[in-house]
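We use all heavy atoms of the structure for the numbers below, so side chains are in, but hydrogens, waters and symmetry mates are not. Numbered from 1 within each chain, the chains take letters A, B, ... in sequence-line order.
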Number of protein chains: 2
Amino acid sequence: MGEGLQRILDHLRDCQYRLTPQRRLIVETLLDYSQDHLSAEDLYRIVKRRDPAIGLATVYRTLDLLASLAVLTKVNFGDGCSRFELSAAKRYHHHHHLICEACGVVQGFDEDLLGGLERTIERRTGFRVHDHEVKFYGICHQCRQAAEG
Amino acid sequence: MGEGLQRILDHLRDCQYRLTPQRRLIVETLLDYSQDHLSAEDLYRIVKRRDPAIGLATVYRTLDLLASLAVLTKVNFGDGCSRFELSAAKRYHHHHHLICEACGVVQGFDEDLLGGLERTIERRTGFRVHDHEVKFYGICHQCRQAAEG
DNA sequence: CTTATCAATGATAATCATTTTCATTGAATC
DNA sequence: GATTCAATGAAAATGATTATCATTGATAAG
Ligand SMILES: [Mn+2]
Ligand SMILES: [Mn+2]
Ligand SMILES: [Zn+2]
Ligand SMILES: [Zn+2]
């Protein structure tokens, strides 16, 4: 439990940032909700239950800070706000997102399988790929079954 | 020249939308700037030169309309506003975007080469893929050369 | 354990992209 | 040419995010 938490808090301290209770609470909550894609507002609502005095601005600032440290990744699903998720370990690229056009559910897909494409891009264009962000739009398994077939 | 323009205007009329001079001007301009990724504000500024009376709300409304008809695709490069580009023909998926982390340039990459990955996703998760949105982050050819090589 | 420092916080106001409202205009139809 | 109602432009409203600023408190020195 303290595993990932400790690593992140250490990272903050190593970068000279202060370990405030608000930051600790926010990081703990992000780990608790590591399967979700929380917006600042989502996170604020959750975190407020444990610290009713916390400010929305602090949530925004902390999310920005963690994203700047690459602890978090900011993602945009086109619903009018930024969402955040824990980043993959340094040597992995970010997982893909499968977005159901029927029910809106977002699921992750872990294998990236893009090495070949990235090498092709580099060969043909000279563009050196560092990372990618991939979204697939379609119909999830549940919705396909619900639609009979 | 009237080629793509006429097809889009016909599409509007077929869907019972009125062919106003504002819509015609906006579509013409989008075709003129088909290599770019214009924001509503960008487009407004350009279009205002030919019709100083045009309103920003009309630009927003027309972009929404064209996106709802799949004439345009809305893309988000994380710079605080939505951007638009002409959609690929119906049977093609959208092209990929290569985004340079050094100079910010966005270039397209046309072959999608994701058929295999999409089949793998469908096989393993039951998710039926209709389309994708793919961004690669890295360093463009120019910037790599500028950085010595 | 104090004390001093200055980063961090919370409340609030400000920004900025986008949307809504509403009176007026004009494209399409007959 | 007259009718109708979708489309427009100006302006206000909205909503996410950011900036401001007085106050607080984490951290490090004494
Ligand atoms: Mn995810
Ligand atoms: Mn493009
Ligand atoms: Zn679904
Ligand atoms: Zn570059």
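Candidate nucleotides C:dA8, C:dA17, C:dA27 were compared by shortest atom distance to the side chain of A:Thr20, and C:dA8 ranks first. When each of C:dA8, C:dA27, D:dA26 is scored by its nearest atom to the side-chain atoms of A:Pro21, the top-ranked nucleotide is D:dA26. Taking the side chain of A:Tyr60 as heavy atoms from C-beta on, and the options D:dT8, D:dT18, C:dA27, the nearest nucleotide is D:dT18. Out of D:dA26, C:dA27, D:dA7, the shortest distance to the side chain of B:Arg23 is found at D:dA7. With D:dA7, D:dA16, C:dA7 as the choices, the nucleotide that has an atom nearest any side-chain atom of A:Arg18 turns out to be C:dA7.
Relative ring orientation between B:Phe77 and B:His37 is described as perpendicular, the plane-to-plane angle rising above 60° on a 0-90° scale split at 30° and 60°.
What separates CG of A:Leu9 from C1' of D:dA26 is a distance of 14 Å, to the nearest Å. Atom CG of B:Asp42 and atom P of C:dT18 are 10 Å apart (whole Å). Distance CG (A:Leu19) to P (C:dA7): 16 Å, rounded to an integer number of Å. Nucleotide D:dT27 holds its P atom 12 Å from the CD atom of A:Gln16, rounded to whole Å. Rounded to an integer number of Å, the gap from CG of A:Leu38 to C1' of D:dT17 is 17 Å. Note: CG (B:Asp79) to C1' (C:dT18) measures 15 Å, nearest angstrom. We find that CG of A:Leu25 is positioned 11 Å from P of C:dT9, with the value rounded to whole Å. As a whole-Å value, the separation of A:Asp51 CG from C:dG10 C1' is 11 Å.
In terms of position on DNA chain C, the residue among B:Asp64 and A:Val59 whose nearest nucleotide sits closer to the 5' end is A:Val59.
Taking only side-chain nitrogens and oxygens, B:Ser82 never comes nearer than 4.0 Å to OP1 or OP2 of C:dA17. In this structure, A:Gln22 does not reach the D:dA26 phosphate: none of its side-chain N or O atoms is under 4.0 Å from OP1 or OP2.
The pair B:Arg13-B:Asp10 counts as a salt bridge, with a side-chain nitrogen and a carboxylate oxygen less than 4.0 angstrom apart.
Proximity of B:Leu117 to A:Phe136: side-chain heavy atoms (C-beta onward) are separated by under 4.5 Å at one or more points. Residues A:Leu12 and A:Leu69 form a side-chain contact, since some pair of their non-hydrogen atoms from C-beta on lies under 4.5 Å apart. Two residues are said to be in side-chain contact when any heavy atoms from C-beta on lie closer than 4.5 Å; B:Ile46 and B:Leu38 meet this criterion.
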What nitrogen or oxygen pairs link the protein and nucleotides 11-15 of chain C at under 3.5 Å?
none

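With hydrogens and angles left out, the side-chain atoms of A:Ser39 and A:Asp42 include a donor and acceptor closer than 3.5 Å.
The distance from the NE2 atom of A:His96 to the CD1 atom of B:Ile121 is 7.0 Å, given to the nearest 0.5 Å.
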